[in-house]
Colleague: 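Pasting a structure below so you can have a look.
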Amino acid sequence: MEKQKQKSAAVVGGGLVGAMNTCYLSSRGFKVDLYEARPDIRTMEIVRGRSINLALSYRGRQALKKVGLEDQVVQDGIPMYARMIHDLNGTLRPIPYGKSDQYIMSVDRRKLNETLLTAAEERPDVTLHFQHKLVSCDLEKGKLTFKMNGGEDVHVEVTTDLIMGNDGAYSAIRKHMVKRPRFNYSQEYIPHGYMELTVPPHNGEFAMAINYLHIWPRNEYMMIALPNQDKSFTLTLFMPFDMFEQLKTGDDVVKFFMEKFPDSVPLIGEESLKETYFRLPPLPLVSVKCFPYHVSDKAVIMGDAAHAMVPFYGQGMNCGFEDCLVFDEIMEKLDSDLSKVLPEYSMYRSPDAHAINDLAMYNYIEMRKSVNSRWFLMRKKVDAFLHAIMPRVFIPLYTMVSFTRIRYHVVINKAKKQDVLVDNSIQALMALAAVGGGYFTAVAISRHLDSIPGWLRDSVWGFLRGDFAV
Ligand SMILES: Cc1cc2nc3c(=O)[nH]c(=O)nc-3n(C[C@H](O)[C@H](O)[C@H](O)COP(=O)(O)OP(=O)(O)OC[C@H]3O[C@@H](n4cnc5c(N)ncnc54)[C@H](O)[C@@H]3O)c2cc1C
Ligand SMILES: COc1ccc2c(c1)CN(c1nc(C(=O)N(C)c3cc(Cl)c(F)cc3C(=O)O)c(Cl)s1)C2
């Protein structure tokens, strides 16, 4: 049988998903050219104090595993076994993600991107082109035009069998898709922006508990912190833009933090807080949904280009990495026939991408509306209790999202059914307790309570007593 001519692929965007897809497409026998608008980040000097990290969970790890990179990425990361909730009064409350083998990883974004780019570059028939910015394309013909970003006014025209659009939330490839008939598109900027701050090491050591995702939930705004390999923490402050704008002087900022996040001020340092706060403006958060993700057998978009989402589930990168894995699984199933693979990918992946996008937005609204420390604590404890007493019937939503590959849209359907069960269970328990069945309820629960940790047992009693006046 004649040997099939080697297919070519042009990956547009050398971020996390583009570099990952380059590894996958090379493994499928493609000749791959990756085009990235920015210079090669591996040659750029490290910009101090801008260590940005991300939470890597199961879906992303499975995608890394299939291209042989999971172990390398995980060894560079820091495990987070629990959240650490910072109350306004400075009380710290840990809430485990699950059993000791259920943890998420804090990974350095730049190091992860570098690892993926180097892995891609080492693969056969892969060429990386930096400072190539896509400026126009003819998707039907597989034609791309890049402007060299080095300053000279030089354009490069490329023709390829497969255009892989991984150029992020403001994708140029998607912009060309949107012009086509029957292409559905929506985007939403939320009123909140985000700003990164740093907690440096104190006396050469981590200044907070290491293996935790630290959270300061304050309803209308919140802050989270993830640990870095260099023993610092990167804090991300989420707040409405008009609140950011109200803080006009260094003293305003320190006063605000002393009122709302008092324990963080000595950790960040007052001078550093003032300096960092005014160094860069808060950045916007956008949610993008579209369908389909492909054009005939010629072009497909993945990652933020296809489904940018607000970060309130820590799933954007994990979802983008899972896109690569799902696409490869469909390539395997349909023998790399792009005329079948691309439409199948759009049909199969869109309900899941839309589901996690909606879930992240829902969690943003929930956390902004009613999540302070007590609420956050109560909800996670009820989840843990119900999972403990009926592990196969009740799986917490965040567990299905971050610790399984249950399809995102199936997660939402299961969670809706479970919420009904949770509401009914709580009402039944309250009714039993209310009609004097407290004794029998107590006996029934105490039999189960032995199987759950002390802190949870106390809180269940507290919950049943109605302690949670949230
Ligand atoms: C505050 C915040 C916190 C987050 N936390 C998490 C988290 O904890 N866990 C998680 O999983 N996700 C998280 N995310 C989401 C995650 O950052 C994104 O989902 C992920 O970076 C998407 O990767 P990507 O490769 O699709 O896009 P990008 O990382 O944006 O990469 C796109 C690349 O394309 C290039 N490009 C753009 N336009 C062109 C062009 N015209 N020509 C050539 N190249 C181009 C860009 O230079 C860039 O390198 C967070 C996001 C934010 C904003
Ligand atoms: C680098 O910037 C960022 C920004 C936001 C996030 C991350 C990294 C990582 N994030 C994760 N979220 C979950 C989760 O499922 N939920 C419901 C949570 C949602 C919020 Cl907003 C939160 F603060 C805690 C939890 C929690 O449960 O710990 C994980 Cl599990 S990891 C959010």
Side-chain angles (χ1 to χ4, degrees), residues 11-21 34-39 41 52-60 80 82-85 95 97-98 102-107 109 112-113 116-117 129-137 144 146-147 149 165-175 193-196 212-217 222-226 234-238 283-286 301-324 356 359-360 362-364 366-368 371 376 379-380 383 396-403:
V11 176
V12 181
L16 298 172
V17 173
M20 163 88 68
N21 256 328
L34 177 147
Y35 298 93
E36 164 56 45
R38 295 176 305 177
I41 54 171
I52 311 298
N53 45 27
L54 301 156
L56 171 70
S57 45
Y58 185 70
R59 297 171 199 270
M80 299 182 285
R83 307 99 170 161
M84 184 64 86
I85 310 297
I95 311 177
Y97 281 111
Q102 282 189 316
Y103 55 88
I104 53 178
M105 294 298 295
S106 174
V107 296
R109 175 196 288 273
L112 176 57
N113 205 163
L116 286 162
L117 285 169
H129 309 266
F130 294 98
Q131 296 183 283
H132 281 62
K133 181 178 173 120
L134 181 83
V135 290
S136 70
C137 62
L144 301 165
F146 295 94
K147 179 179 179 301
N149 253 3
N166 301 159
D167 46 343
Y170 307 98
S171 166
I173 299 280
R174 188 188 63 234
K175 285 191 181 84
Y194 72 95
M195 176 184 286
E196 276 129 6
Y212 293 85
L213 189 151
H214 293 263
I215 311 170
W216 291 258
M222 63 175 283
M223 191 158 67
I224 73 155
L226 277 67
T234 300
L235 279 77
T236 309
L237 170 63
F238 295 98
L283 293 170
L285 292 165
V286 70
I301 52 177
M302 294 184 195
D304 277 17
H307 48 63
M309 62 190 80
V310 292
F312 301 99
Y313 246 99
Q315 282 297 309
M317 164 189 65
N318 285 288
C319 180
F321 280 178
E322 193 180 47
D323 289 353
C324 305
I356 187 59
L359 201 54
Y362 171 79
N363 200 41
Y364 158 69
E366 275 301 291
M367 292 200 79
R368 185 186 62 177
V371 176
F376 198 97
R379 181 65 221 224
K380 297 299 174 213
D383 281 354
L397 182 52
Y398 77 86
T399 303
M400 292 191 278
V401 169
S402 291
F403 297 106

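Counting starts at 1 for both ligands and their atoms, following the listed order. Just the heavy atoms: all of them, side chains too, but no hydrogens, waters or symmetry mates, feed the values below.
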Colleague: Any non-hydrogen side-chain atom of Thr234 less than 4.5 Å from a side-chain atom of Leu226?
Modeller: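 The answer is no; the side chains never approach within 4.5 Å.
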Colleague: Identify, by atom number and element, the atoms of ligand 2 in contact range of Asn363, meaning under 4.0 Å from any of its heavy atoms.
Modeller: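 In order of number, 17 (C), 19 (C).
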Colleague: Less than 3.5 Å between some nitrogen or oxygen of Ala55 and one of ligand 1, yes or no?
Modeller: yes
Colleague: What's the spacing between Ile85 CD1 and Ile95 CD1 if we round to 0.5 Å?
Modeller: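 Rounded to the nearest 0.5 Å, the CD1-CD1 separation comes out at 4.0 Å.
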Colleague: I'd like to check Leu16 versus Arg109 (side-chain heavy atoms, cut-off strictly below 4.5 Å). Are they in contact?
Modeller: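 They are in contact (side-chain heavy atoms under 4.5 Å apart), so the answer is yes.
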Colleague: With a cut-off of 4.0 Å, which atoms of ligand 2 are near a heavy atom of Arg83?
Modeller: 26 (C), 27 (O), 28 (O)
Colleague: Please compare Met20, Arg109, Met317 and report which has the shortest non-hydrogen distance to atom 29 (O) of ligand 1.
Modeller: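 The residue whose heavy atom sits nearest atom 29 (O) of ligand 1 is Arg109.
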Colleague: If you compare all heavy atoms of Glu36 against all heavy atoms of Gly13, which two are closest, and at what distance to 0.1 Å?
Modeller: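 Distance-wise, the nearest heavy atoms are OE1-C, 3.7 Å.
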Colleague: Does Ile356 reach the side chain of Asn318, with side-chain heavy atoms less than 4.5 Å apart?
Modeller: no
Colleague: Atom 28 (P) of ligand 1: which protein heavy atom is closest, and how many Å away?
Modeller: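 I find the closest protein heavy atom is Gly168 CA, 4.3 Å.
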Colleague: By number and element, which atoms of ligand 1 are closer than 4.0 Å to a non-hydrogen atom of Tyr194?
Modeller: 1 (C), 53 (C)
Colleague: Relative to the heavy atoms of Met222, which atoms of ligand 2 are at a distance of less than 4.0 Å?
Modeller: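 Once the distances to Met222 are compared, the set is 21 (Cl), 23 (F).
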Colleague: Hey, does Met80 sit under 4.0 Å from ligand 2 if you only count heavy atoms?
Modeller: no
Colleague: Got more than 12 heavy atoms from elsewhere within 6.0 Å of NZ, Lys133?
Modeller: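 No, not enclosed.
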Colleague: Search all heavy atoms of Val286 against all heavy atoms of Ala169 and return the closest pair with its distance.
Modeller: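 Scanning both residues, the minimum pair turns out to be CG1-CB, 4.1 Å.
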Colleague: Using a strict 4.0 Å cut-off to heavy atoms of Ala55, name the atoms of ligand 2 that fall inside it.
Modeller: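 So the answer, numbered in order with elements, is 9 (C).
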Colleague: Is the count of non-hydrogen atoms from other residues, nucleotides or ligands lying under 6.0 Å from Tyr212 atom OH greater than 12?
Modeller: no
Colleague: Using the side-chain contact (heavy atoms from CB on, under 4.5 Å) rule, pick out the option among Asn363, Val401, Leu359 that qualifies with Gln315.
Modeller: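 By the side-chain contact (heavy atoms from CB on, under 4.5 Å) criterion, Gln315 pairs with just one of Asn363, Val401, Leu359: Val401.
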Colleague: Of the choices Leu54, Leu116, Val286, which has the non-hydrogen atom that lies closest to atom 6 (C) of ligand 1?
Modeller: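 Heavy atom nearest to atom 6 (C) of ligand 1 belongs to Leu54.
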Colleague: Under a 4.5 Å cut-off applied to non-hydrogen side-chain atoms, are Arg83 and Tyr97 in contact?
Modeller: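 Side chain of Arg83 against side chain of Tyr97, heavy atoms only: contact under 4.5 Å found.
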Colleague: Would you check whether Tyr194 reaches within less than 4.0 Å of ligand 2, judged by its heavy atoms?
Modeller: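 Not so, Tyr194 does not reach ligand 2.
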Colleague: Any idea which atoms of ligand 1 are less than 4.0 Å away from a heavy-atom of Asn166?
Modeller: 32 (C), 33 (C), 34 (O)
Colleague: Could you check atom 23 (O) of ligand 1 against the protein and tell me its nearest heavy-atom contact, residue, atom and distance included?
Modeller: Val17 CG2, 3.9 Å
Colleague: Is there a donor in the side chain of Gln102 and an acceptor in the side chain of Ser402, or the other way round, less than 3.5 Å apart?
Modeller: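 Their side chains do not contain a donor-acceptor pair, so the 3.5 Å distance test is not met.
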Colleague: Compute the shortest N/O to N/O distance between Ala37 and ligand 1 and return yes if it is under 3.5 Å, no if not.
Modeller: yes
Colleague: Quick check: Asn318 and ligand 1, any N/O pair under 3.5 Å apart?
Modeller: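 For ligand 1, there is an N or O atom that lies under 3.5 Å from one belonging to Asn318.
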Colleague: Starting from atom 37 (C) of ligand 1, locate the nearest protein heavy atom and write down its residue, its atom name and how far away it is, to 0.1 Å.
Modeller: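 Its nearest protein heavy-atom neighbour is Asp167 O, 3.3 Å.
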Colleague: Where do Ser57 and Ile104 come nearest, in terms of heavy atoms and distance?
Modeller: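 Between these two residues, the closest heavy atoms are CB-CG2, 3.8 Å.
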Colleague: Under 4.0 Å from a heavy atom of Tyr398: which atoms of ligand 2 are those, numbered in the order shown and with their elements?
Modeller: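 In order of numbering, the contacting atoms are 15 (O).
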Colleague: Nearest non-hydrogen atom to atom 4 (C) of ligand 1 belongs to which of Pro311, Ser171, Gly320, Cys137?
Modeller: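 Among Pro311, Ser171, Gly320, Cys137, the closest heavy atom to atom 4 (C) of ligand 1 comes from Pro311.
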Colleague: Number the atoms of ligand 1 from 1 as they appear, then name those within less than 4.0 Å of a heavy atom of Gly316, with their elements.
Modeller: 10 (C), 11 (O), 12 (N), 15 (C), 19 (O)
Colleague: With a 4.0 Å cut-off on heavy atoms, does Met309 reach ligand 1?
Modeller: no
Colleague: I need the nearest protein heavy-atom contact for atom 31 (O) of ligand 1: residue, atom name and distance, please.
Modeller: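 Of every protein heavy atom, Gly15 CA, 3.6 Å lies nearest to atom 31 (O) of ligand 1.
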Colleague: State the atoms of ligand 1, each with its element, that fall below the 4.0 Å cut-off from a heavy-atom position in Gly303.
Modeller: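 Under 4.0 Å from Gly303, ligand 1 has these atoms: 26 (O).
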Colleague: Heavy atom of Asn53 under 4.0 Å from ligand 2?
Modeller: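 Heavy atoms of Asn53 do come under 4.0 Å of ligand 2.
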Colleague: For Lys133 and ligand 1, does the shortest N/O to N/O distance drop below 3.5 Å?
Modeller: no
Colleague: Report the nearest protein non-hydrogen atom to atom 26 (O) of ligand 1: residue, atom name, distance rounded to 0.1 Å.
Modeller: Asp304 N, 2.9 Å
Colleague: Does Ile41 reach the side chain of Leu117, with side-chain heavy atoms less than 4.5 Å apart?
Modeller: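 They are in side-chain contact.
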Colleague: Please report whether ligand 1 has a polar contact with Asn53, defined as an N or O pair separated by less than 3.5 Å (distance criterion only).
Modeller: no
Colleague: Within the 4.0 Å heavy-atom shell around Phe238, which atoms of ligand 2 are there?
Modeller: 4 (C)
Colleague: Using a 4.5 Å cut-off on heavy atoms from C-beta on, say whether the side chain of Asp304 contacts that of Ser171.
Modeller: no
Colleague: Given side chains that start at C-beta, do those of Leu397 and Tyr313 come closer than 4.5 Å, heavy atoms only?
Modeller: yes
Colleague: Mind checking whether Tyr97 has an N or O less than 3.5 Å away from an N or O of ligand 2?
Modeller: yes
Colleague: Give the residue and atom name of whichever protein heavy atom lies nearest to atom 49 (O) of ligand 1, and the separation in Å to one decimal.
Modeller: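 Its nearest protein heavy-atom neighbour is Glu36 OE1, 2.8 Å.
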Colleague: Where the closest heavy atom to atom 5 (C) of ligand 2 is concerned, which of Ser402, Pro311, Ala360 has it?
Modeller: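 Nearest heavy atom to atom 5 (C) of ligand 2 lies in Pro311.
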Colleague: Distance to 0.1 Å, residue and atom name: give those for the protein heavy atom nearest to atom 42 (N) of ligand 1.
Modeller: Leu134 N, 3.0 Å
Colleague: Could you check whether any side-chain N or O of Lys175 sits under 3.5 Å from a backbone N or O of Tyr170, counting only pairs where one atom can act as donor and the other as acceptor?
Modeller: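 Flag set: sc Lys175 to bb Tyr170 pair under 3.5 Å.
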Colleague: For atom 14 (C) of ligand 2, tell me which residue out of Phe312, Tyr313, Phe403 has the closest non-hydrogen atom.
Modeller: Tyr313
Colleague: Where is the tightest heavy-atom contact between Met105 and Met80, given as atom of each residue plus distance?
Modeller: C-CE, 3.9 Å
Colleague: Can you tell me if His132 has a non-hydrogen atom under 4.0 Å from ligand 1?
Modeller: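 Checking ligand 1 against His132, which is what was asked, there is a heavy-atom contact under 4.0 Å.
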Colleague: With heavy atoms of Ile104 as the reference, note each atom of ligand 2 found under 4.0 Å away.
Modeller: 31 (S)
Colleague: Evaluate the side-chain proximity of Val17 to Asp323: yes if any heavy-atom separation is below 4.5 Å, no if none is.
Modeller: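 No; the side chains remain at least 4.5 Å from each other.
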Colleague: Should you measure from each heavy atom of Arg38, which atoms of ligand 1 turn up under 4.0 Å away?
Modeller: 47 (O), 49 (O)
Colleague: For the residue pair Gly14 and Arg38, what are the closest heavy atoms and their distance?
Modeller: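 Here Gly14 and Arg38 meet closest at O-NH2, 4.4 Å.
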Colleague: As a check for students: among Leu213, Thr234, Thr236, Ile224, identify the option with a heavy atom nearest to atom 3 (C) of ligand 2.
Modeller: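 Considering heavy atoms of Leu213, Thr234, Thr236, Ile224, the nearest to atom 3 (C) of ligand 2 sits in Ile224.
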Colleague: Can you name the closest pair of heavy atoms from Pro311 and Leu285 and give their distance?
Modeller: CD-CD2, 3.7 Å
Colleague: Is ligand 2 under 4.0 Å from a heavy atom in the side chain of Ile52, in the backbone, in both, or in neither?
Modeller: neither
Colleague: If you take the centroid of each ring, where Trp contributes its six-membered ring, are Phe238 and Phe312 closer together than 6.0 Å?
Modeller: yes
